[in-house]
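Notes to accompany the following structure.
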Amino acid sequence: MKGKVITVINQKGGVGKTTTALNLAAGLAESMLDVLLIDLDGQCNATQGLGIEGARDVSVYEVIMGEATPAEAILPTYHELLDVLPSHINLNGAKVELVSMAEREFRLKKAIDPLRERYAFIIIDSPPSLDLLTVNALTASDSALIPIQCEYYALEGLGHLIRTLQKVRQGLNKDLDIEGVLMTMHDRRTSLSSQVMEEVRKHFKGAVYDTYIPRNVRLAEAPSFGKTIFEYDPYSSGALAYESLVKEVIEMNEPKESFG
């Protein structure tokens, strides 16, 4: 069975996108699955969150530009089943360079499709914008996982994101699906978080995960130490929440038995 490609996406910053991509990938590896995390954000936060510092000669930028193969860029991480295709600051210019390139929306897809034979899951941390890099991520993916912060303006801007998903599905990737919607930064001390969750569940009927990610200091601290939450504090509420998310993702992607 070929591996599944999931893009973690939300053009709104500060919703836990990179935290989710990083810890979902790490949690899947902790569940004994071969996983590749692709850092497609020029800020390089997912790369640094795995303890990989400094400039690299070969990164996802060179892969998209056709100057290197994924095999030349992929790096091992702390976990033997988790690899990373690292980012580079040069990626910030790629969205302009791609405009004049042939098959510009398919550059990432063509590069990583062969990797489906090697990895059970390929998780893409997309940039916090709806540009050509994000379109590349969606074109290369089977589904999109959308983290939404439990705040008053949670649904603001999501209409644009959904329209982008629909356009990609219509013109570039007819099989693109919504993997799920993940509520993040939930504060159980306030009624607002629960109200927002209820509103999002009404908006995305049946697509919202049972798991939600709490506000957790340890989750915020872990990347500054170059560690996933499973390395940094595996018994924290943040780690337990992402462990629960991983279980949901695995269960939802288990092959369905057919009868008859």
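Residue indices begin at 1 and follow the sequence shown.
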Pair I123-L145, side-chain contact (heavy atoms from CB on, under 4.5 Å): steps then yes or no
CA-CA 10 Å; I123 308 298; L145 191 158; over 6 Å; no
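- The shortest distance between side-chain heavy atoms of N10 and L158 falls below 4.5 Å.
- Considering all non-hydrogen atoms of both residues, I52 and P76 come closest at CD1-O, 4.4 Å.
- A continuous path of hydrophobic side-chain contacts links V181 to L176 [ILVMFWY only; heavy atoms under 4.5 Å].
- Of the inter-residue distances, the one linking N253 atom CG with I6 atom CD1 reads 5.5 Å to the nearest 0.5 angstrom.
- Hydrophobic clustering of Ile, Leu, Val, Met, Phe, Trp and Tyr side chains at less than 4.5 Å, counting indirect connections, unites I146 with V168.
- Distance CG/L22 to CD/Q48: 11.0 Å, rounded to 0.5 Å.
- The CG atom of L81 lies 10.5 Å from the OH atom of Y119; values are rounded to the nearest 0.5 Å.
- Under the 4.0 Å criterion applied to side-chain N and carboxylate O atoms, R104 and E97 are not assigned as salt-bridge partners.
- Residue I89 qualifies as open at atom CD1: its count of foreign heavy atoms under 6.0 Å is 12 or below.
- Linking Ile, Leu, Val, Met, Phe, Trp and Tyr residues whenever their side-chain heavy atoms come within less than 4.5 Å places V99 and M65 in a single cluster.
- Within 6.0 Å of atom NZ in K110, 12 or fewer heavy atoms from other residues, nucleotides or ligands are found, so the atom counts as exposed in its surroundings.
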Between E221 and K227, does the salt bridge (charged side-chain N to carboxylate O under 4.0 Å, His left out) criterion hold? Intermediate values first, please.
CA-CA 9 Å; E221 291 174 344; K227 294 183 176 182; over 6 Å; no
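- Taking the side-chain contact (heavy atoms from CB on, under 4.5 Å) definition, one finds that N136 meets it with L98, R107, L108, sequence neighbours left out.
- For the atom pair CG of L161 and CD of Q166, the computed distance is 10.0 Å after rounding to the nearest 0.5 Å.
- For H186, the ring pair (Phe, Tyr, Trp, His ring centres under 6.0 Å) partners at least two apart in sequence or on another chain are Y212.
- Here the straight-line distance linking atom CG of L115 with atom CG of L85 works out to 8.0 Å at 0.5 Å rounding.
- Using a cutoff of 4.0 Å between basic side-chain nitrogens and carboxylate oxygens, K247 and D210 are not scored as salt-bridged.
- For the pair T7 (side chain) and A137 (backbone), a donor-acceptor distance under 3.5 Å is present.
- With contacts defined as side-chain heavy-atom distances shorter than 4.5 Å, the pair D131/V135 does not qualify.
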Which is it for I112 and V63 under the side-chain contact (heavy atoms from CB on, under 4.5 Å) test, yes or no, and what are the steps along the way?
CA-CA 9 Å; I112 70 171; V63 171; 5.6 Å; no
Show your reasoning for whether side chain to side chain donor-acceptor pair (under 3.5 Å) applies to D125 and T18.
CA-CA 6 Å; D125 182 29; T18 296; 2.8 Å; yes
Evaluate I148 against L182 for side-chain contact (heavy atoms from CB on, under 4.5 Å), listing each step before the verdict.
CA-CA 6 Å; I148 299 178; L182 176 68; over 6 Å; no
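- For the pair K109/S141, no side-chain contact is recorded, criterion being any heavy-atom separation below 4.5 Å from C-beta on.
- Side chains of V8 and I124 form no contact here, defined as non-hydrogen atoms less than 4.5 Å apart.
- Applying the salt bridge (charged side-chain N to carboxylate O under 4.0 Å, His left out) test to residues at least two apart or on different chains, the pairs with a partner in residues 71-94 are D83-R118.
- The shortest non-hydrogen separation linking S143 to K4 is OG-CE, 3.6 Å.
- Hydrophobic clustering (ILVMFWY, side-chain heavy atoms < 4.5 Å, transitive): L240 and V217 are in distinct clusters.
- No donor-acceptor pair under 3.5 Å is formed between the side chain of R218 and the backbone N or O of D233.
- Counting only N and O atoms by type, the side chains of E248 and T211 include a donor and acceptor under 3.5 Å apart.
- Listed for the T77 side chain is a donor-acceptor partner under 3.5 Å among the backbone atoms of H79.
- Residue K17 comes nearest to P127 through the heavy atom pair CE-C, 4.2 Å, listed as atom of the first residue, atom of the second, then distance.
- Judged purely by distance below 3.5 Å, without hydrogens or angles, the side chains of T139 and N173 never pair a donor atom with an acceptor atom.
- In this view, T164 satisfies the side chain to side chain donor-acceptor pair (under 3.5 Å) rule with no residue, not counting sequence neighbours.
- Residues F106 and L172 meet the side-chain proximity criterion, which asks for heavy atoms closer than 4.5 Å.
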Under 3.5 Å, which donor-acceptor pairs link side chains of residues 197-205 to any protein atom two or more places apart or in another chain?
from, atom 1, to, atom 2, distance (Å)
R201, NH2, Y209, O, 3.4
K205, NZ, K202, O, 3.1

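- In terms of heavy-atom proximity, S59 sits nearest to P86 at CB-O, 3.4 Å.
- In terms of heavy-atom proximity, L219 sits nearest to P223 at O-CD, 3.2 Å.
- For G14 against M185, the heavy-atom pair with the smallest separation is O-CE, 3.1 Å.
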Just list the side-chain donor-acceptor pairs under 3.5 Å for residues 26-39, sequence neighbours left out, or say none.
from, atom 1, to, atom 2, distance (Å)
E30, OE2, Y78, OH, 3.3
S31, OG, G27, O, 3.0
D39, OD1, D41, N, 3.2
D39, OD2, A46, N, 3.4
D39, OD2, T47, N, 2.9
D39, OD2, T47, OG1, 2.7

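- Here the side chain of T184 pairs a donor or acceptor atom with the backbone of V15 at under 3.5 angstrom.
- Separation of atoms CG (L132) and CE (M101) is listed at 11.0 Å; rounding is to 0.5 Å.
- Of the residues R116, R169, K2, the one that meets the salt bridge (Lys or Arg N to Asp or Glu O under 4.0 Å) test with D142 is R116.
- Within the 3.5 Å criterion, the main-chain N or O of Y242 finds no donor-acceptor partner in the side chain of N23.
- Contact of the V196 side chain with the E151 side chain is not registered, since no non-hydrogen atoms from C-beta on lie closer than 4.5 Å.
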